[in-house]
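The structure under discussion appears below in the form of structure tokens.
Naming convention: chains lettered A, B, ... in sequence-line order (proteins, then strands); numbering from 1 in each chain.
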Amino acid sequence: MLIDWFTVGAQALNFIILVGLLKHFLYQPILDAIAAREKLIAGQLADADARRAEAGKERDEFARKNEEFNQQRATLLSQATDEVKVERQRLLDAARQAADALSVRRQTTLSNDARNLNQAIRQRAQQEVFAIARQALSDLAATSLEERLTEVFLARLRAIDGTTKDGLANALTTASEPALVRSAVDLPAEQRAKIQAALNETFSVEIRLRFETMPALVSGIELSTSGLKLAWSIADYLAALEKGVAEVLTANSASAIDATPQSGK
Amino acid sequence: MHLSPDQIVFWQYGFFRINATIVFTWAVMAVLTVGSSLVTRRLARGLQRSHWQNLIEIVVTGIEKQIAEVGLRQPGRYLGFLGTLFLFVATASLGTIIPGYEPPTGSLSTTVALALCVLVAVPFFGIKEQGIGGYLKSWLEPTFIMLPFNVISEVSRTLALAVRLFGNMMSGTMIIGILLTITPFIFPLVMTVLGLLTGMVQAYIFTVLAAVYIAAATGTGARHLTPQDTRDTPWTA
């Protein structure tokens, strides 16, 4: 008999025991380990996904900030450029104004200097003219400048025509104040008396006079009363002299400018 | 020459008899249990693990995958029974490389015991899965006329399981024994290698057929598979 029923029972029992043993020692631990590993891997994958998502979020945030920064930079650059343009224009205007002011001041200074120089030349020329005249008159004609001045003045007085003479006579006679006689040089008493006598004679009336010396007076002698004035002046001579001197100076400066490039050669 | 290791009796007391089949079965059980406990004692749950653990995991997940391929939706439930069937039959065959070893599956008593276990397991899992009514209803399908044929098929396929395994294992051992007496060199070695292959194939067939029967009973997989269908399996010897 090939089948031993005791062995069949024993083997069935053995098999059932083996099932229990392997379940306990093999399948359950292995399946648990696999499940744990799968859970671990799933956790790691989820973690990786989360990190990737976070990284993507951070990347987006960074890109956004970068874009924002670029925009801000462009705006600031544009603002700065505009401000620089405005500032440049302002500085240019200020410089131009300063240059204009400087130019005006310089022009003013130059014209003042020219005026002062003219004045000085005029006074010096007058002094020189008087000195030369005085010396020449003294040497050649044995007379003084004051005397000649008085004579010329009196000659002019006598030469005035009727209308002017009447107006002057009227002014001299009706004036409440004495008539003023001003001269560049101090007139001696003799000359003063001559003038007084000549006036009394010309206008046939006793005229009150007051004498004053005024060195700055260009004209030689002048008689003024109630707005009318009779004068002999060397102002025209001086003007001619000034003109001549100015011409000489201009010619000199032009020749100096022409000479400069030549001397540089 | 023994036709079955049942005939090698070590100890007997009346009906109780400790023969080579039982002793070698205990040896196989000891090897499987001790080996499993040694490997699973320090199981790594992380990504780094030992070669032995890898091997065991491949075997366990391979069995699980085979069960799932048969059509059982929750292979974890049947892994204990079907996996043990495979491991026991395979280990029993592998042992033939040890001189003096008699495979317990070469005994008709063992194969009958295993077939009876399958016979009991099929209605057990069937009732557990779809209730007693649902399971009994499957006997009347497609019509009630088929009831006697279904009963016959249930018994005959159990018998076929037992005899198939026994025939293959016993014949392998017998051929090696005969060849050893005729040509003691080379040929027995070749036949041993062939026997190992046959043993693996038989373990696979036994397990897959049991899985198919259970799948038919639980209604989760291929229903109404008859022994005729299963006989068409290319591995069937």
Side-chain angles (χ1 to χ4, degrees), chain A residues 1-70, chain B residues 3-7 9 15-19 21-22 25-26 28-30 32-41 43-47 49 53 56-57 59-61 63-64 76 79-85 87-88 104-105 107-117 120-121 162 166 170:
Chain A
M1 184 66 182
L2 286 175
I3 299 175
D4 176 19
W5 289 106
F6 171 76
T7 310
V8 170
Q11 289 295 75
L13 185 66
N14 281 338
F15 179 74
I16 291 162
I17 291 169
L18 184 63
V19 169
L21 286 173
L22 288 188
K23 259 190 176 176
H24 183 259
F25 287 110
L26 185 64
Y27 306 125
Q28 206 55 48
I30 289 289
L31 291 178
D32 286 350
I34 290 172
R37 189 178 312 123
E38 281 176 354
K39 196 175 168 188
L40 179 75
I41 290 169
Q44 285 178 346
L45 284 176
D47 190 42
D49 284 344
R51 278 168 193 263
R52 195 179 298 123
E54 195 180 347
K57 205 169 143 191
E58 282 181 5
R59 188 193 57 204
D60 293 346
E61 178 72 14
F62 176 74
R64 193 184 63 74
K65 279 186 178 173
N66 214 4
E67 182 67 26
E68 206 175 279
F69 173 71
N70 281 340
Chain B
L3 201 58
S4 165
D6 288 3
Q7 293 164 345
V9 178
F15 183 66
F16 297 98
R17 203 166 34 241
I18 305 297
N19 52 32
T21 305
I22 295 172
T25 300
W26 286 344
V28 169
M29 286 169 68
L32 282 174
T33 309
V34 173
S36 301
S37 68
L38 282 177
V39 172
T40 58
R41 196 170 47 185
L43 273 183
R45 286 166 185 267
L47 298 176
R49 49 198 183 274
Q53 186 178 342
I56 294 287
E57 281 186 12
V59 170
V60 171
T61 51
I63 295 168
E64 206 173 19
L79 183 66
F81 179 74
L82 295 172
T84 308
L85 261 183
L87 286 178
F88 177 70
T105 43
S107 152
L108 191 57
S109 306
T110 306
T111 57
V112 165
L114 295 179
L116 285 175
C117 286
V120 174
F166 163 71
M170 183 272 289

Bottom line for A:Leu13: the part with an atom under 4.5 Å from chain B's heavy atoms is neither
Tell me, side chain or backbone of [X] under 4.5 Å from chain A's heavy atoms, or both, or neither?
X        : result
B:Phe16  : both
B:Leu43  : side chain
B:Leu116 : side chain
B:Thr111 : neither
B:Ile22  : both
B:Ala44  : backbone
B:Leu87  : side chain
B:Arg49  : side chain

So do B:Val60 and B:Glu57 actually touch side chain to side chain, heavy atoms under 4.5 Å?
no
Hey, are the side chains of B:Phe88 and B:Leu114 touching, using non-hydrogen atoms and a 4.5 Å cut-off?
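In contact.
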Under the rule for side chain to side chain donor-acceptor pair (under 3.5 Å), what residues qualify as partners of A:Gln44, not counting sequence neighbours?
none
If I take atom [atom1] from residue [X] and atom [atom2] from residue [Y], how far apart are they, to the nearest 0.5 angstrom?
X        : Y        : atom1 : atom2 : answer
B:Thr21  : B:Gln7   : OG1   : CD    : 9.0 Å
A:Glu58  : A:Glu61  : CD    : CD    : 9.0 Å
B:Met170 : B:Thr105 : CE    : OG1   : 11.5 Å

Look only at the side chain of A:Asn14 and the backbone of A:Ala10, and say whether a donor-acceptor pair between them is shorter than 3.5 Å.
yes
Test side chain to side chain donor-acceptor pair (under 3.5 Å) on A:Gln11 and B:Ser109 and set out the steps.
CA-CA 8 Å; A:Gln11 289 295 75; B:Ser109 306; over 6 Å; no
Is A:Arg64 atom CZ crowded by more than 12 heavy atoms from other residues, nucleotides or ligands, each under 6.0 Å away?
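Buried by this count: over 12 neighbours within 6.0 Å.
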Applying a heavy-atom distance below 4.5 Å, give me the residues of residues 15-36 of chain A that approach chain B, sorted by number.
A:Phe15, A:Ile17, A:Leu18, A:Val19, A:Leu21, A:Leu22, A:Lys23, A:Phe25, A:Leu26, A:Tyr27, A:Pro29, A:Ile30, A:Leu31, A:Asp32, A:Ala33, A:Ile34, A:Ala36
Taking every heavy-atom pair that is under 4.5 Å apart, which of B:Val112, B:Val28, B:Asn19, B:Thr33 has the most such pairs with chain A?
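Top option by heavy-atom pairs under 4.5 Å: B:Thr33.
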Counting heavy-atom pairs under 4.5 Å with chain A, the top scorer among B:Gly35, B:Cys117, B:Pro104 is B:Cys117
Electrostatic pair A:Asp60-A:Lys57, nearest N-O below 4.0 angstrom:
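No salt bridge links A:Asp60 with A:Lys57.
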Which atom names give the shortest non-hydrogen contact between A:Ala12 and B:Ala113, and what distance separates them?
N-CB, 3.6 Å
